[in-house]
Engineer: 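I'd like to ask you about the structure that follows.
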Amino acid sequence: MVDPRDVQWMILWIVASAVGLFQPGYIQPDEFFQNPEITAGDIFNVTHFRAWEWEPRNALRSIAVPFLTTGIPFLITRAFSSSFGFSLSPTTLLIIPRIVFCLLIPFLGEILHGLREAVQSTQETNQSTAEMEKQARSQSINQLIDRRQQRLTGHSTQRFRVMTELDWVFRTSYLTVVFLSRSFSNSLEVTLFAVLMYLVVRKAAGNRFSAEHAALLVGLISALGIFNRPTFLAFGLVPWIWFLRYSKVKNVARCAGSGLLSCMVLAFVDSLYYGRPVITPLEFIRYNIDPSNNASHGLHPRYFHLFVSMPQLFGPLCLILLHPAGVATIRRQKFLLGSFLVPLALISLIPHQEPRFLLALLVPVFLLTSELTWKRETLRWLWLLFNVMATLFFGVFHQGGVTRSLSTVATLLKSNAQGDVFYYKTYIPPTYPLLLPREQAHRVVDLGLEKIGLLELPAKIRLSGGKDSYLITPATVPIEGLFLRQNMTEELNHRICPHWSFEAPPDYAALWREPSQLCLNVWKLRSTLKA
């Protein structure tokens with residue numbers, strides 16, 4: 001007989017994986033341009049957009065971590081494609097990085113579960129001796145029943161552990177389904193932060209896990225975290241202090257040696273890649289401590305993360321952090337509380353702020369609030385409603401036509417050998433899935449990088465050799481008749497829905513009458529002049 005708990009696990013992971021792999025939403029350009037756009041461009045030797053931070057003269061990003069996460073899968077894909085002679089579609093190349101990051105999600109779930117148990121084992125309990133003995137007897141009886149069932153049937157009744165409140169909150173969060181399935185450096189930072197906390201707390205709890213091995217792993221994880229994102233220095237501060245508190249001097253030395261050696265290897269790899277000696281985290285910090293550099297990316301008040309980022313990321317969980325019952329429970333969990341408050345305070349000091357910079361805080365926040373949230377029906381339904389809406393917005397609607405347009409663009413470029421494609425009022429499209437030769441880099445143009453008005457748009461469009469070109473823009477941008485001055489006509493070639501854009505938002509009052517506003521239009525531009 002199938003255990004219902006097994007079905008719960010399977011259904012939850014199948015649904016979460018399907019949503020994570022195939023959602024069309026485009027959250028932010030860094031999900032491509034800090035990882036797969038760079039690795040795929042180098043490995044397949046194709047046209048790609050290389051952001052300024054990847055230029056050798058700047059060298060703000062480490063290539064080592066992107067290569068480990070998407071570079072190796074792309075190398076394997078290229079080898080299979082060459083060996084078996086199959087072509088790679090844009091969809092395949094977009095999904096490969098997501099497969100890698102989706103595989104990290106169940107691993108992170110188990111780390112969170114282990115971290116929860118380790119934290120609980122370090123806390124003082126107020127249970128009486130009788131209650132503790134009763135609980136121990138109950139656990140022993142359950143174990144005897146399980147062993148008897150296993151002898152009779154050959155199968156254990158506990159093939160999967162019981163789903164906890166933490167499991168449900170983690171698996172129903174849009175951060176898990178949407179953000180963690182994307183190739184953000186922030187997504188990997190979450191996993192590295194959770195592993196670091198897990199290693200430190202298991203050691204503090206007196207677990208049998210080898211203290212020597214834990215020290216070596218703490219050093220390695222710390223180095224990877226810092227080279228992945230130097231903001232890991234803020235997230236790792238409390239776990240590192242905890243590690244120093246509960247470790248012997250020789251294990252601290254092991255940790256320092258492991259971390260230093262790992263940093264040297266990572267710096268060596270980056271130096272080979274950029275063609276000069278470089279330590280990328282130092283370059284990153286040097287750039288970001290310059291106020292003028294931060295100003296070019298946008299400045300935010302120090303309270304932005306507290307009053308904007310936290311509610312956007314965690315929604316109803318913030319109510320638990322403020323509720324008296326929640327505060328009373330949370331105050332007793334010093335390690336988790338410190339791992340939440342210290343990074344929040346330190347990262348809030350950075351002038352340029354985005355909500356995803358706090359993504360790694362989901363580790364302590366979920367551990368602190370999940371039980372109280374899931375056990376209260378009102379909060380549970382608020383949590384589910386919040387995450388359904390956020391998943392639909394970020395995972396489906398937000399810039400949802402851009403990545404799906406790449407399959408159309410690939411077909412158009414092949415059928416029109418000289419025509420070009422222009423994107424306007426959208427996020428910059430990743431170009432690596434098109435596998436365009438480097439000499440054809442001019443064929444996909446992002447006009448969003450240039451702050452040009454609608455009336456200036458026709459002058460930016462060119463028709464190469466009299467061939468048709470294509471303009472991809474939100475349906476809310478009025479194109480009809482705009483190109484007559486340039487002796488061009490426009491024809492709606494294709495429409496991709498849904499697509500919602502801050503750059504060209506819909507008229508909400510008329511949206512119910514014109515739902516086509518939530519689409520991305522592909523216009524064919526043709527010259528009216530006879531050849």
Side-chain angles (χ1 to χ4, degrees), residues 22-26 89-91 94 393 396-431 433-434 436 440 442-531:
F22 299 107
Q23 54 190 277
Y26 183 176
S89 69
T91 302
L94 286 170
F393 180 72
V396 179
F397 285 92
H398 187 251
Q399 295 285 338
V402 176
T403 55
R404 286 190 295 155
S405 71
L406 294 175
S407 295
T408 301
V409 169
T411 302
L412 294 175
L413 292 177
K414 287 180 181 178
S415 62
N416 189 348
Q418 291 182 305
D420 299 327
V421 175
F422 300 84
Y423 282 82
Y424 180 64
K425 294 285 186 179
T426 70
Y427 276 0
I428 178 173
T431 53
L434 300 173
L436 282 176
Q440 295 186 26
H442 63 278
R443 299 194 66 192
V444 178
V445 181
D446 174 47
L447 297 175
L449 292 176
E450 306 176 44
K451 295 182 179 180
I452 59 176
L454 187 61
L455 295 179
E456 303 172 76
L457 180 60
K460 297 289 184 178
I461 305 294
R462 63 181 180 273
L463 299 182
S464 302
K467 296 290 185 178
D468 299 338
S469 285
Y470 300 87
L471 175 66
I472 300 179
T473 188
T476 51
V477 177
I479 294 298
E480 291 85 347
L482 185 65
F483 292 90
L484 291 176
R485 294 179 304 164
Q486 299 296 117
N487 298 312
M488 288 187 283
T489 60
E490 71 282 335
E491 174 189 343
L492 185 59
N493 179 271
H494 196 65
R495 178 167 280 171
I496 304 168
C497 307
H499 177 92
W500 191 95
S501 170
F502 278 111
E503 288 71 22
D507 178 1
Y508 299 106
L511 189 57
W512 68 277
R513 295 193 309 270
E514 301 177 53
S516 60
Q517 291 184 82
L518 295 179
C519 293
L520 189 68
N521 287 344
V522 180
W523 297 92
K524 178 189 288 187
L525 304 178
R526 179 170 293 174
S527 175
T528 59
L529 299 177
K530 294 183 179 180

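Both backbone and side-chain heavy atoms feed into the values below; hydrogens, waters and symmetry mates do not. Remember, it's a predicted structure, so these values are computed and weren't measured experimentally.
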Engineer: Do the side chains of Glu491 and Thr489 get nearer than 4.5 Å, heavy atoms only?
Structural biologist: no

Engineer: Specify the closest pair of heavy atoms between Gln517 and Asp507, including all atoms of both residues, with the distance to one decimal.
Structural biologist: OE1-N, 2.7 Å

Engineer: Can you tell me how far apart OH (Tyr26) and OG1 (Thr403) are? Round to the nearest 0.5 Å.
Structural biologist: 8.5 Å

Engineer: Out of curiosity, Tyr424 OH to Glu503 CD, how far, rounded to the nearest 0.5 Å?
Structural biologist: 11.0 Å

Engineer: Does any donor atom in the side chain of Gln399 or Ser501 lie under 3.5 Å from an acceptor atom in the other side chain?
Structural biologist: yes

Engineer: Considering only heavy atoms from C-beta outward, does the side chain of Thr408 approach that of Ile472 to under 4.5 Å?
Structural biologist: no

Engineer: Do you know the tightest heavy-atom contact between Arg404 and Cys497?
Structural biologist: NH2-O, 2.5 Å

Engineer: Return the minimal non-hydrogen interatomic distance between Thr426 and Pro474, and the atom names on each side.
Structural biologist: CG2-CD, 3.9 Å

Engineer: Within this structure, what is the CG-CD1 distance for the pair Leu454 and Ile479, rounded to the nearest 0.5 Å?
Structural biologist: 5.5 Å

Engineer: Under 3.5 Å, side chain of His499 to main-chain N/O of Gly401, donor-acceptor pair present?
Structural biologist: yes

Engineer: For residues Val522 and Leu520, determine if any side-chain heavy atom of one lies less than 4.5 Å from a side-chain heavy atom of the other.
Structural biologist: no

Engineer: Donor-acceptor pair, Arg443 side chain versus Val421 backbone, under 3.5 Å?
Structural biologist: no

Engineer: Tell me yes or no: between the side chains of Tyr423 and Ser405, is some donor less than 3.5 Å from an acceptor?
Structural biologist: yes

Engineer: Kindly compute the distance separating OH (Tyr470) from CG (Leu413), expressed to the nearest 0.5 Å.
Structural biologist: 9.0 Å

Engineer: How about Cys519 and Glu514: do any of their side-chain heavy atoms sit closer than 4.5 Å?
Structural biologist: no

Engineer: Measure the CD-OG1 distance between Glu490 and Thr473 for me, rounded to the nearest 0.5 Å.
Structural biologist: 12.0 Å

Engineer: Working to the nearest 0.5 Å, report the span between CG of Asn521 and CG of Leu492.
Structural biologist: 5.0 Å

Engineer: Mind checking whether Pro505 and Thr476 have side chains closer than 4.5 Å, heavy atoms only?
Structural biologist: no

Engineer: Is the backbone N or O of Asp420 less than 3.5 Å from a side-chain atom of Ser469, with the two atoms forming a donor-acceptor pair by type?
Structural biologist: yes

Engineer: Looking only at non-hydrogen atoms, find the nearest pair between Pro430 and Pro433 and report the distance.
Structural biologist: O-CD, 3.6 Å

Engineer: Looking at Asp468 and Asn416, would you say the former's side chain and the latter's main chain have a donor-acceptor pair under 3.5 Å?
Structural biologist: no

Engineer: Using the ring of each side chain (for Trp, its six-membered ring), is Tyr427 parallel, tilted or perpendicular to His398, with breaks at 30° and 60°?
Structural biologist: perpendicular

Engineer: Kindly indicate whether the side chain of Glu480, heavy atoms from C-beta on, has any atom under 4.5 Å from the side chain of Trp523.
Structural biologist: yes

